[in-house]
Amino acid sequence: MPLSPAHLLSACSKKRNAGADNRMRHLTTFKLIDAVARSGSIRKAAEDMALTPSALHRRLQAFEDELGEQIFERMAHGVQLNAAGEVVIHHIRGQIAETERLKSRLADLSGIRRGHVRVACSQALAASFLPHEIAKYRRSFPAVTFNVEVLDHQASERALSDYSVDLAFIYNSNQFPEFEVAAAVQQNLVAILAEDHPLARQDVLRLRDCLKHPLALPNQRFGGRQLLQKSIVTSSQQLQPELESNSFEFLKKYVLEEHAISFHIPIGVPEDERMLGLVSRSIDTRDVLPGTLYFGHKRSRLLPVASARFADQVVRNLTARYPPETGQTAAAE
């Protein structure tokens with residue numbers, strides 16, 4: 001006898017619920033596998049997840065047996081994903097991210113408005129802009145927690161790709177095909193120097209004049225340094241820094257000690273820098289190519305509610321701070 005529509009709906013509902021139950025049962029295993037993949041060690045992952053190594057090994061073995069594929073290569077110094085494992089871990093991280101989004105939506109529906117927002121940013125954003133934005137957001141949603149990773153643009157792209165972060169600020173790099181731009185604001189380099197430096201009396205500096213003084217530069221991984229390199233590639237000028245560092249805070253302190261010149265982007269120069277004896281001066285736009293700060297997330301990813309709301313706030317405040325009419329905003333398509 002054919003099933004009635006009511007029976008069909010009931011059967012479909014039971015099937016969906018059973019699928020959801022299976023996914024939730026697998027979620028803990030997914031998190032364990034993700035921990036192993038990130039640490040490269042069953043022992044280290046077990047410590048992080050409060051399990052014994054033997055218990056974690058059994059969970060991993062049971063998963064591989066059920067899957068019918070080995071996903072890790074066992075080596076003397078640890079474990080490493082094999083080709084099948086790379087496919088599996090991408091699926092696992094997508095499932096974990098989707099579950100977090102589901103939890104966020106359910107919490108929002110209940111009025112609790114909890115959530116966890118993970119952001120990658122450069123050191124420029126970590127100094128002033130991002131702490132201010134997070135504090136502002138948490139005044140409205142105090143139950144939302146944050147994790148901020150200070151990364152260069154290549155590491156930020158990897159973190160977005162493997163779901164380690166929800167959102168990222170990336171300076172002067174739009175080569176990541178999976179990146180969906182929510183906002184793009186122009187951020188040309190500025191010179192950072194002591195307020196009693198001879199060049200500090202000028203409002204706009206020529207790059208050739210800056211290069212006559214000691215230079216303290218961010219290393220080659222940073223977008224600002226790459227922008228400088230591109231700007232002089234067709235000229236006879238050369239960048240010959242006396243000091244290089246991956247710490248912007250260190251560079252600013254050194255500028256004071258040596259009366260050297262460093263370079264930064266405007267959003268990373270707090271208004272109270274003058275209190276530290278530092279000033280920023282614009283570089284003539286004829287000398288240095290324009291730079292752009294991109295803010296966004298992994299393409300086609302549906303963000304958790306808390307992350308989506310925070311992204312909306314950041315977009316509003318970025319575009320308000322650098323509006324299109326000033327020539328400092330590039331509209332995101």
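Since the structure is predicted, the reported quantities are computational estimates derived from the model, not experimental observations.
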**Message:** Using 30° and 60° as the class boundaries, would you call the ring planes of His90 and Tyr163 parallel, tilted or perpendicular?
**Reply:** tilted
**Message:** Go through it in stages, so that I can follow the logic: the residues are Phe295 and Leu125, the test is side-chain contact (heavy atoms from CB on, under 4.5 Å), and I'd like the CA-CA distance, side-chain angles, deciding distance and then a yes or no.
**Reply:** CA-CA 11 Å; Phe295 172 67; Leu125 278 296; over 6 Å; no
**Request:** Just say parallel, tilted or perpendicular for the rings of Phe250 and Tyr254, cut-offs at 30° and 60°.
**Result:** parallel
**Message:** What's the separation between atom CG in Asp162 and atom CZ in Arg38, rounded to the nearest 0.5 Å?
**Reply:** 4.5 Å
**Message:** Between Arg208 and Gln237 (side chain of the first, backbone of the second, donor and acceptor by atom type, cut-off under 3.5 Å), is there such a pair?
**Reply:** no
**Message:** I'd like to know if the side chain of Ser231 reaches the main chain of Leu289, judged simply by a donor and an acceptor atom lying under 3.5 Å from each other, with no hydrogens or angles considered.
**Reply:** yes
**Asked** Would a distance-only check, ignoring hydrogens and angles, find a side-chain to backbone donor-acceptor pair under 3.5 Å from Asn188 to Ser282?
**Response** no
**Item:** Taking every non-hydrogen atom, the tightest pair across Leu256 and Gly277
**Value:** CD2-O, 3.4 Å
**Asked** Can you tell me how far CZ of Arg118 sits from OG of Ser307, rounded to the nearest 0.5 angstrom?
**Response** 7.5 Å
**Request:** Would you tell me whether Thr52 and Ser54 have side-chain atoms, one donor and one acceptor, within less than 3.5 Å of each other?
**Result:** yes
**Request:** Heavy atoms only: give me the nearest Asp209-His213 pair and the separation to one decimal.
**Result:** O-CD2, 3.2 Å
**Prompt:** Does any donor atom in the side chain of Gln229 or Arg225 lie under 3.5 Å from an acceptor atom in the other side chain?
**Reply:** yes
**Parallel, tilted or perpendicular: rings of Phe248 and Phe222 (30°, 60°)** = tilted
**Prompt:** What's the spacing between Arg301 CZ and Leu160 CG if we round to 0.5 Å?
**Reply:** 8.5 Å
**Message:** For the residue pair His116 / Asp166, report whether a side-chain donor-acceptor contact shorter than 3.5 Å exists.
**Reply:** no
**Prompt:** Listed by chain and number, what are the salt bridge (Lys or Arg N to Asp or Glu O under 4.0 Å) partners of Glu178, not counting sequence neighbours?
**Reply:** Lys298
**Message:** With a 3.5 Å distance limit and no angle check, can you tell me whether Gln187 reaches the backbone of Ile267 through a side-chain donor-acceptor pair?
**Reply:** yes
**Message:** Quick one, Leu60 and Ile71 - any side-chain contact, counting heavy atoms below 4.5 Å?
**Reply:** yes
**Request:** Compute whether any side-chain donor of one residue and acceptor of the other, for Asn172 and Gln226, lie under 3.5 angstrom apart.
**Result:** no
**Message:** Return the CD1 to CD1 distance between Ile261 and Ile283, rounded to the nearest 0.5 Å.
**Reply:** 7.5 Å
**Prompt:** SG of Cys121 to CG of Asp152: how many Å apart, nearest 0.5 Å?
**Reply:** 11.5 Å
**Item:** Flag, side chain of Arg299 to backbone of Pro177, donor-acceptor distance under 3.5 Å
**Value:** yes
**Message:** For Asp34, is there an ion pair with Lys31 - N to carboxylate O distance below 4.0 angstrom?
**Reply:** no
**Check: Val314 main-chain N/O paired with Tyr137 side-chain donor or acceptor under 3.5 Å** = no
**Prompt:** If you measure from CZ on Phe30 to CG on Leu27, what distance do you get to the nearest 0.5 Å?
**Reply:** 7.5 Å
**Message:** Between Phe63 and Leu32, is the side-chain contact (heavy atoms from CB on, under 4.5 Å) condition met? List the steps.
**Reply:** CA-CA 11 Å; Phe63 178 82; Leu32 294 175; over 6 Å; no
**Prompt:** Under the 3.5 angstrom rule, does the side chain of Arg43 hit a backbone N or O of Pro53 as a donor-acceptor pair?
**Reply:** no
**Message:** Has Arg138 got a side-chain atom pairing as donor or acceptor with Thr145's backbone, closer than 3.5 angstrom?
**Reply:** no
**Message:** Treating Asp284 as the side-chain partner and Leu205 as the backbone partner, does any N or O pair qualify as donor plus acceptor under 3.5 Å?
**Reply:** no
**Message:** Any salt bridge linking Lys44 with Asp48? Criterion: basic side-chain nitrogen under 4.0 Å from a carboxylate oxygen.
**Reply:** yes
**Asked** Where do Leu251 and Leu243 land on the side-chain contact (heavy atoms from CB on, under 4.5 Å) test, with the steps shown first?
**Response** CA-CA 8 Å; Leu251 289 171; Leu243 179 141; 3.6 Å; yes
**Prompt:** Are Phe263 and Val190 close enough, and set up right, to give a side-chain contact (heavy atoms from CB on, under 4.5 Å), and what steps lead you there?
**Reply:** CA-CA 6 Å; Phe263 298 90; Val190 296; over 6 Å; no
**Prompt:** Is a donor on one side and an acceptor on the other found under 3.5 Å between the side chain of Ser161 and the backbone of Glu157?
**Reply:** no
**Message:** Within the 4.5 Å heavy-atom criterion, are Thr28 and Arg59 side-chain neighbours or not?
**Reply:** yes
**Request:** Quick one: closest heavy-atom pair of Ile89 and Ala37, and the distance?
**Result:** CD1-CB, 3.8 Å
**Asked** So, are Lys136 and Glu133 salt-bridged, with charged N and O less than 4.0 Å apart?
**Response** no
